[in-house]
Amino acid sequence: MFNSGRAIFGLTFNAILVVFFVVLLLSGGLLSASQAANLSPQKGPIRWAYYVNSATSLEGLRTNVDNLTMVSPYFFVLRSDGTISGNDQAEVTKLAHSHGVKVLPMLQNDQLATSKEGLHNLLADPNKVRQIIDEIETQVLTYGYDGYHIDFENVLAQDRPYLTQFMSNLYVRLHKQGKLVTMAVAAKYRDVTSSWGGSYDYAGLAPYLDYVVPMAYDYSYPGGRDGPVAPINWVNSVAAYAGSQFGPGKVLLGVPFYGYDWNISQGGLARAHSYDNMLQLLQRFNAAASFDEQTQEAWADYTENGSQHRVWFDTPRSLAARLDVIKRNNLGGFAAWRLGQEGRDFWPVISRWQ
């Protein structure tokens, strides 16, 4: 009698399951095998790099594509009217895919042409949000992208709920297509609801992101005082906090492939330099670089036309220290800004990293 009851229950339960999956399939809520594979967890640490439309970036991708897991090309810009400008670069997308590298193009808001209030008007308007997401979905399906990367910066702190809702809507839309949803966020080591990082609600965003990139660089920035680009203790605090809010496996630590040159005598904005250009600069002025153990960055002083300069920049040793932070905090991997700025000595460090 007991066994008969189990048999009847099993048949009933199986019938319910069949109906459930048929309903899901008909409603578009069930992913195909290929879609599910696209969203499956990545094996090993993720090696992500940003790409921009430049000869050096293209050469960096061509040379080092086999060291990457994902690439995020800066193809598109969000305009003040809610339209998206830019174009796919078939050579980049094809090259990455031919080496098994996922392509997730980056969409940035146009910070020069669109004010904070202008972006607010887009995020707060459900019709504009729908229009933007419609266009994103069309791009993803047209060009065969593996997902999409949002990099909205200089957002009003009070637009925090609108930004989270935008990502929620995008997540629902693209996940139906089996596509990844990712985002760059301001680096912070505690929650703040004002200033530059106030619009990023880490805990609120977490359910709607497959991967997130805390931009753990520009601690010292072009318009501020000279100093390290990404001091290691700060980087570790950013990594630990992001892991606690998003889940460590979702976090790809943003790492810099560049440095800054401040004119101490005259002030003004610091100039960004790639690693190789920085070494050439120091060689031209016969300046010797020192490595700061506390911050795990290199620095040097030089004089040009009577003006005193100070530079801070990342080295292969700096990169190794950041990769150790990723390992200590069990993060998902790294995301480097950007291809073409790194030196050749960076890639052996990356290729040895497990």
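If you chain together hydrophobic residues whose side chains sit under 4.5 Å apart, Val77 and Trp337 fall into the same group. Met183 and Ile84 end up in the same hydrophobic cluster when Ile, Leu, Val, Met, Phe, Trp and Tyr side chains are linked at under 4.5 Å. In terms of hydrophobic clustering, with Ile, Leu, Val, Met, Phe, Trp and Tyr side chains grouped at heavy-atom distances under 4.5 Å, Val52 and Tyr217 are assigned to a common cluster.
Within the structure, side chain to side chain donor-acceptor pair (under 3.5 Å) contacts touching residues 77-86 (residues at least two apart or in different chains) are Arg79-Ser85, Arg79-Asp110, Asp81-Thr83.
Trp299 has its ring centre no less than 6.0 Å from the ring centre of Phe291. Taking the six-membered ring for Trp and the full ring otherwise, Phe76 and Tyr74 have centroids separated by 6.0 Å or more. When ring centroids are compared, Tyr162 and His120 come within the 6.0 Å threshold. For Phe166 and Phe152, the ring centers sit closer than 6.0 Å to each other. Aromatic ring centres of His149 and Tyr50 lie closer together than 6.0 Å.
Between Val238 and Tyr189, the shortest heavy-atom contact is N-CB, 4.2 Å. Scanning both residues, Arg338 and Phe257, for their nearest heavy atoms gives O-CD1, 3.4 Å. Annotation for Leu78 and Leu107: closest pair N-CD1, 3.5 Å, computed over non-hydrogen atoms. Residues Leu119 and Val155 approach most closely at CD2-CG2, 3.7 Å, considering heavy atoms. In terms of heavy atoms, Val103 sits closest to Ala96 at CG2-CB, 3.5 Å. Contact detail for Glu342 and Tyr275: the closest heavy-atom pair is C-CB, 4.3 Å.
Considering CG of Leu252 and CG of Leu331, their distance stands at 8.5 Å, rounded to 0.5 Å. Rounded to the nearest 0.5 Å, atoms OG (Ser72) and CG (Leu104) are 6.5 Å apart.
With hydrogens and angles left out, the side-chain atoms of His309 and Asp226 include no donor and acceptor closer than 3.5 Å. A donor and an acceptor atom, one from each side chain of Gln308 and Tyr302, are nowhere located under 3.5 Å apart. For Tyr258 and Asp218, the side-chain atoms include at least one donor-acceptor pair closer than 3.5 Å.
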(request) Could you check Gln89 against Thr93 for side chain to side chain donor-acceptor pair (under 3.5 Å), going step by step and ending with a plain yes or no? (result) CA-CA 6 Å; Gln89 295 176 29; Thr93 302; over 6 Å; no
(message) With ring-ring contact (aromatic ring centres under 6.0 Å, His included) as the criterion, how do Tyr143 and Phe75 come out once you've worked through the C-alpha distance, each side chain's angles and the decisive distance to 0.1 Å?
(response) CA-CA 12 Å; Tyr143 300 115; Phe75 286 161; 8.2 Å; no
(request) Check the pair Phe334, Trp353 against ring-ring contact (aromatic ring centres under 6.0 Å, His included), reporting the backbone distance first and the verdict last. (result) CA-CA 11 Å; Phe334 72 81; Trp353 180 57; 5.7 Å; yes
(request) Show your working on side chain to side chain donor-acceptor pair (under 3.5 Å) between Asn169 and Gln165 and close with a plain yes or no. (result) CA-CA 6 Å; Asn169 293 348; Gln165 186 61 51; 2.8 Å; yes
(request) Decide side chain to side chain donor-acceptor pair (under 3.5 Å) for Gln296 and Ser318; before the verdict, give the C-alpha distance in whole Å, the side-chain angles of both, and the deciding distance to 0.1 Å. (result) CA-CA 5 Å; Gln296 291 290 295; Ser318 304; over 6 Å; no
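Both tests hold for Lys188 against Tyr202: distance to the six-membered ring centre under 6.0 Å, angle to the ring axis within 45°.
Using a 4.5 Å cut-off on side-chain heavy atoms (C-beta onward), Ile46 and Met70 make contact.
Taking the six-membered ring where tryptophan is involved, the planes of Tyr145 and Tyr148 are tilted, since the angle between them lies from 30° to 60°.
By the neighbour-count criterion of 12 heavy atoms within 6.0 Å, atom CZ of Arg328 is densely surrounded, having more than that number from other residues, nucleotides or ligands. The number of heavy atoms from other shown groups lying within 6.0 Å of OH (Tyr219) does not exceed 12.
Annotation: salt bridge (charged side-chain N to carboxylate O under 4.0 Å, His left out) contacts of Arg317 (sequence neighbours excluded): Glu293. Listed by chain and number, the residues in a salt bridge (charged side-chain N to carboxylate O under 4.0 Å, His left out) with Asp201 are Arg160 (sequence neighbours excluded).
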